[in-house]
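What follows is one structure encoded as structure tokens, with my remarks underneath.
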Amino acid sequence: MTVSVAATKSAYEQLTAKLRAIGSLQQCEALLKYDRMVFMPQSQETAQARGVQLSALASVVHEKTTDKSLFQLLEEAEKDLPKEDADAPRVLELTRKTLEENSRVTAELAARKAKHGALAHSSWAQAREKEDFALFVPALTTCFEIAKEEAAAKRIDESVTLYDQMLDHFEPGMKMERIDQVFEEIERALVPLLERVRNSETKPSTTPLEGTFDIAMQKKVCKEVVTQLGFDEARGRIDVAVHPFTSSASPADVRITSRFSDNEWQMGLLATIHEGGHAMYEQSLGKSGLEIDHALSMGTHESQSLFWERMVAKSLPFWKWIAPKLNEAFESFDYTPEQLYDAVNAIKPNNCIRVEADELTYPLHVLLRYRLEKEIITDKLTVEEIPAKWNELMMDLLGVQVPNDSLGCLQDIHWSAFAIGYFATYLLGSSTAAQLAYYCEKDIPDMYALIEKGQFEPLKAWLTDKVHKHGRRYKSLDDLLEAQVGEKLNPKYFIDYLEEKYSKLYNC
């Protein structure tokens, strides 16, 4: 008698095998998207071709994830949990949530979203190049319509708002009410601090940022720094893109991009460190191939990139380590660590670009986008009205006049990639990074002495132990922080960090 392989495996084993196969298809999706965003010429024809490929793959993934046999295996596995696997209950909980949400999204909607994503990206890039938001309006309107349609389909509880449903995709367990609470506390503290800083007669010099800097040398330094921090290039690569981002197909294939300019050097360096933080998180996740070993949330992800970019790379000890490297790399460049520290931490009150913003104005850039998203999703604002509202809020919040759409409402890639509900995670990540740094220094008292020596391994190991290795074993960022450092997300540490740093820097 012949016995099938499936018959010898438990329902849980059969289910996880199918889930890993679906994960492999999603890895292919990630690689196609990376190829589209980094290597593909920005023409409508090639965008359409890649859109067709992604649409076809999305249809296959949707078919696999809505296969009735998955639900049958899930129900059987829930009745007979493997006692030897402590992760099994959480694996099944995550699987049920994902399957139920996916089953509520039709194959037609999934394919339409994938196909439009390629077209929207091309439309955004062309509009940005021509500094004309109107060129992007039709594609972006469709992006928001599809996002709302998808959120409504996934929503099991009708009392959940569409925006909360969108937020849940990026920040599970964090409702709009909780986010508003955190953001309001930060805004109340930073607005008066920012006013004091702006009015201060002490103005840190930014001379070290000025000049002409060889891009090839910038790339060389950035590669050296990010690998020293802990990015394993043997399990990834570093490329250049219009908008820096990180893409992970698996812990064994994590790719980062940065951007460079020959008239300044800090943008490329800090962007590379930022994306390196994302990448180190991805490279340190478990290798089960299951959702439990995915990143917990995007706020958690941002905390990892901002831990390295802000808490490490914007500290004085870091500049004591890297100053000799920069002085050697760039011609006629000779600055002290203190001069470099002052320059990279000086505020940029007239800056329009979020990714180039300083730590004090950055939260306001995020709040602007957060407010716009909520208004669009609740039909209080139309897509056509975005440029005017954007420019109005830039003036109200930051006192900055936006010269054109490319430096304003066209600067971010997120909405064209359906990342609606994402922006809030940047400020959640900023707050979390400061909180983690506080507790990291408690556990590693010589943390900043190690940074000054370029010895980053203990910091990365601490983050892996407290954050990376847990994947999605916790249900929310609040739950993770409470379990690992003893309290939920508390913006106090972010506020105290900025208050202490900028009061001293600006003598105010």
Using the salt bridge (charged side-chain N to carboxylate O under 4.0 Å, His left out) criterion, which residues pair with Asp80? Sequence neighbours excluded.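 Scan of Asp80 (salt bridge (charged side-chain N to carboxylate O under 4.0 Å, His left out), adjacent residues dropped) gives none.
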Apply the salt bridge (charged side-chain N to carboxylate O under 4.0 Å, His left out) test between Asp168 and each candidate in Lys475, Arg155, Lys97, Arg178; give the one that qualifies.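 That would be Lys97.
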Using a strict threshold of under 4.0 Å (side-chain N to carboxylate O), is an ion pair present between Arg235 and Glu282?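 No, Glu282 and Arg235 are not salt-bridged.
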Atom CD of residue position Glu482 - does it have more than 12 heavy atoms of other residues, nucleotides or ligands inside 6.0 Å?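 Atom CD in Glu482 is crowded, with more than 12 foreign heavy atoms closer than 6.0 Å.
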Okay, side chain of [X], backbone of [Y]: is any donor-acceptor separation there less than 3.5 Å?
X	Y	answer
Arg472	Ala295	yes
Ser431	Leu427	no
Glu302	Leu428	no
Thr246	Ile256	no
His470	Asp465	yes

cation_pi(Lys113, Phe418) dist<6.0 Å, angle<=45: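 The answer is yes, since Lys113 meets both limits relative to Phe418.
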Output field: ring centroids His414/Tyr426 closer than 6.0 Å: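 Here the rings of Tyr426 and His414 have centres that are less than 6.0 Å from each other.
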Taking only residues two or more places apart in sequence, or in another chain, which ones meet Asn391 in a side-chain contact (heavy atoms from CB on, under 4.5 Å)?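 In terms of side-chain contact (heavy atoms from CB on, under 4.5 Å), with neighbours along the sequence ignored, Asn391 is linked to Val402.
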Identify the heavy atoms of [X] and [Y] that sit nearest to each other, and give their distance.
X	Y	value
Leu364	Leu397	CD1-O, 3.4 Å
Ser305	His274	CB-O, 2.9 Å
Ile273	Phe318	CD1-CZ, 3.9 Å

